[in-house]
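As the structure is a computational prediction, the values presented were derived from the model and not from experiment.
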Amino acid sequence: MKLAKIALAGTVALGLVPAVAGTAAANPVKSRTLTGNSLYGAGPLPATVCRERPMKKGDARSAKLYLNEVLRCLTRAWGTELRRAHLKPSPVKLAYATEVPAKYCGDTWRKGDWDGFYCETSHTILIVLSKDLLQQPGDLYLFNLVAAYYGEHLQNVAGIYRAFYKLDYRNKAELTEQTRRYSLQTTCFAGVSLRSVWKSLRRPREDWDDLLFYLRGWAGKYGGNRKSITYWAGEGFKTGDPESCNTWTAPSSKVA
């Protein structure tokens with residue numbers, strides 16, 4: 001089973017959560033950048049044609065070609081959406097490694113922690129093409145992996161990343177919940193991305209159900225429990241609309 005975790009932007013992924021102190025924030029979140037972001041009002045993501053390139057089991061070269069094409073699809077779909085939201089599209093770069101680097105984007109990367117990492121300063125997604133990651137090239141896991149990291153990029157472009165880091169919190173429990181809201185939003189954005197290209201992928205519904213099984217393996221203190229992950233991934237996929245990914249106004253029960 002693939003139990004990789006989506007790395008939260010920058011040091012959040014390592015549990016080095018925002019060191020903001022001072023006056024405690026009111027609950028729920030009141031930052032308009034988080035709760036009323038213009039990205040939520042841009043409407044459903046336009047349907048995008050995305051042709052998946054064939055991949056061979058254990059073959060890093062074919063995986064790179066596949067993932068490069070996925071990124072092109074996401075860039076087309078979200079470029080239109082960002083312009084609708086009056087946000088400037090920003091290019092994302094894909095980088096690859098065959099082994100986990102000692103450091104990336106200024107942070108220590110522990111072996112086995114993640115399959116990839118989004119660097120908010122360079123707008124680069126690094127994917128570690130390990131043997132395990134290349135064992136099942138036919139499922140949706142690799143597609144969703146890039147889509148989730150692209151979701152972090154969207155949070156960066158829309159100002160959500162910075163607003164999240166500026167949030168005050170009354171205690172560790174509230175801070176942990178805020179981190180889950182951030183993480184679950186990337187899960188939802190990935191679902192939106194998949195909905196926009198779903199028809200062109202010509203995949204059976206069973207492939208989506210299998211992906212949900214893998215996503216539930218990401219459950220944890222900072223990423224949300226299995227029920228929350230399933231809910232937010234499903235909301236994004238069902239609606240295809242980033243408005244459904246507003247985790248910041250959701251009740252605590254939905255981001256547990």
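We find the CG-CG distance between D207 and L211 to be 9.0 Å, quoted to the nearest 0.5 Å. Rounded to the nearest 0.5 angstrom, L142 CG and M55 CE are separated by 5.0 Å. Put simply, OG on S62 and CG on L65 are 7.0 Å apart, with the number rounded to the nearest 0.5 Å. Taken from CG in L134 to OH in Y66, the straight-line distance is 12.5 Å, to the nearest 0.5 Å. Note: R76 CZ to L71 CG = 10.0 Å, rounded to the nearest 0.5 Å. With values rounded to the nearest 0.5 angstrom, K172 atom NZ is found 14.5 Å from E174 atom CD.
With sequence neighbours excluded, no residue satisfies side chain to side chain donor-acceptor pair (under 3.5 Å) with T48. Residues forming a side chain to side chain contact (heavy atoms under 4.5 Å, CB included) with K238 (at least two apart in sequence, or on another chain): E235. With sequence neighbours excluded, the residues satisfying side chain to side chain donor-acceptor pair (under 3.5 Å) with S122 are T124.
Within the 4.5 Å cutoff, side-chain heavy atoms of L126 are placed close to those of P101. A 4.5 Å side-chain heavy-atom check between N156 and Y118 finds at least one atom pair inside the cut-off. T247 is not listed as a side-chain neighbour of Y182, based on a closest heavy-atom distance of 4.5 Å or more. Side-chain contact between R51 and V49 is present, with at least one heavy-atom pair separated by less than 4.5 Å. Residues C245 and V192 meet the side-chain proximity criterion, which asks for heavy atoms closer than 4.5 Å. Between T176 and K221 the shortest side-chain heavy-atom distance falls below 4.5 Å. By the 4.5 Å heavy-atom criterion applied to side chains, Y104 and C119 are counted as neighbours. With a 4.5 Å cut-off on side-chain heavy atoms, D115 and I127 do not count as touching.
In this structure, G43 and P242 approach most closely via the heavy-atom pair O-CD, 3.5 Å. Closest approach of S244 and T239 over heavy atoms only: OG-OG1, 2.7 Å. Between C105 and T121 the shortest heavy-atom distance is SG-OG1, 4.0 Å. For A233 against L215, the heavy-atom pair with the smallest separation is CB-CD1, 3.9 Å. Taking each heavy atom of L201 and L140 in turn, the nearest pair found is CD1-CD2, 4.3 Å. Among all heavy-atom pairs drawn from I229 and G223, the shortest one is CG1-O, 3.8 Å.
N144 contributes no side-chain N or O that, together with a main-chain N or O of A147, makes up a donor-acceptor pair within less than 3.5 Å. Counting only distance, with no hydrogens or angles, the side chain of E120 and the backbone of Y161 share no donor-acceptor pair below 3.5 Å. H153 contributes a side-chain N or O that, together with a main-chain N or O of S90, makes up a donor-acceptor pair within less than 3.5 Å. Listed for the T230 side chain is a donor-acceptor partner under 3.5 Å among the backbone atoms of R226. Side-chain atoms of T35 never come within 3.5 Å of backbone atoms of K30 as a donor-acceptor pair (strictly under, hydrogens ignored). For the pair W232 (side chain) and R181 (backbone), a donor-acceptor distance under 3.5 Å is absent. Remark: side-chain polar atoms of R180 are not paired, donor with acceptor, to backbone N or O of Y222 under 3.5 angstrom. Although no hydrogens or angles enter the test, the distance criterion places no donor-acceptor pair under 3.5 Å between the side chain of D210 and the main chain of D139. A distance-only check finds no donor-acceptor pair linking the side chain of Q155 to the backbone of I160 [under 3.5 Å]. The backbone N or O of K131 sits less than 3.5 Å from a side-chain atom of Q135, completing a donor-acceptor pair.
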Exercise for review: Evaluate salt bridge (charged side-chain N to carboxylate O under 4.0 Å, His left out) for R203 paired with E52, printing each intermediate quantity in order.
Suggested key: CA-CA 10 Å; R203 283 178 173 265; E52 292 183 282; 2.9 Å; yes
Exercise for review: Check the pair E81, L39 against side-chain contact (heavy atoms from CB on, under 4.5 Å), reporting the backbone distance first and the verdict last.
Suggested key: CA-CA 8 Å; E81 193 77 352; L39 190 58; 4.3 Å; yes
Point to revise | Step-by-step side-chain contact (heavy atoms from CB on, under 4.5 Å) determination, V157 to W78 | key: CA-CA 11 Å; V157 171; W78 284 100; over 6 Å; no
Practice item. Check the pair F143 / L67 against side-chain contact (heavy atoms from CB on, under 4.5 Å), numbers first and verdict last. Key: CA-CA 7 Å; F143 194 113; L67 293 172; over 6 Å; no
Check your understanding: Could you walk me through whether H86 and S38 pass the side chain to side chain donor-acceptor pair (under 3.5 Å) check?
Key -> CA-CA 7 Å; H86 306 292; S38 62; over 6 Å; no
Practice item. Walk me through it: do K64 and L129 pass the test side-chain contact (heavy atoms from CB on, under 4.5 Å)? Key: CA-CA 9 Å; K64 290 178 184 179; L129 296 173; 3.7 Å; yes
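For the 3.5 Å distance criterion, the side chains of S252 and E177 qualify, holding a donor opposite an acceptor. Side-chain polar atoms of Y40 and D241 form no donor-acceptor pair below 3.5 angstrom. For the 3.5 Å distance criterion, the side chains of W248 and Q178 fail to qualify, holding no donor opposite an acceptor.
Geometric assessment of R195 against the ring of F237 yields a positive cation-pi assignment under the 6.0 Å and 45° thresholds.
By the 4.0 Å N-to-carboxylate-O rule, D209 lies close enough to R205 to be salt-bridged with it.
The hydrophobic cluster containing L145 also contains F213, counting ILVMFWY residues as joined when their side-chain heavy atoms lie under 4.5 angstrom apart, directly or transitively.
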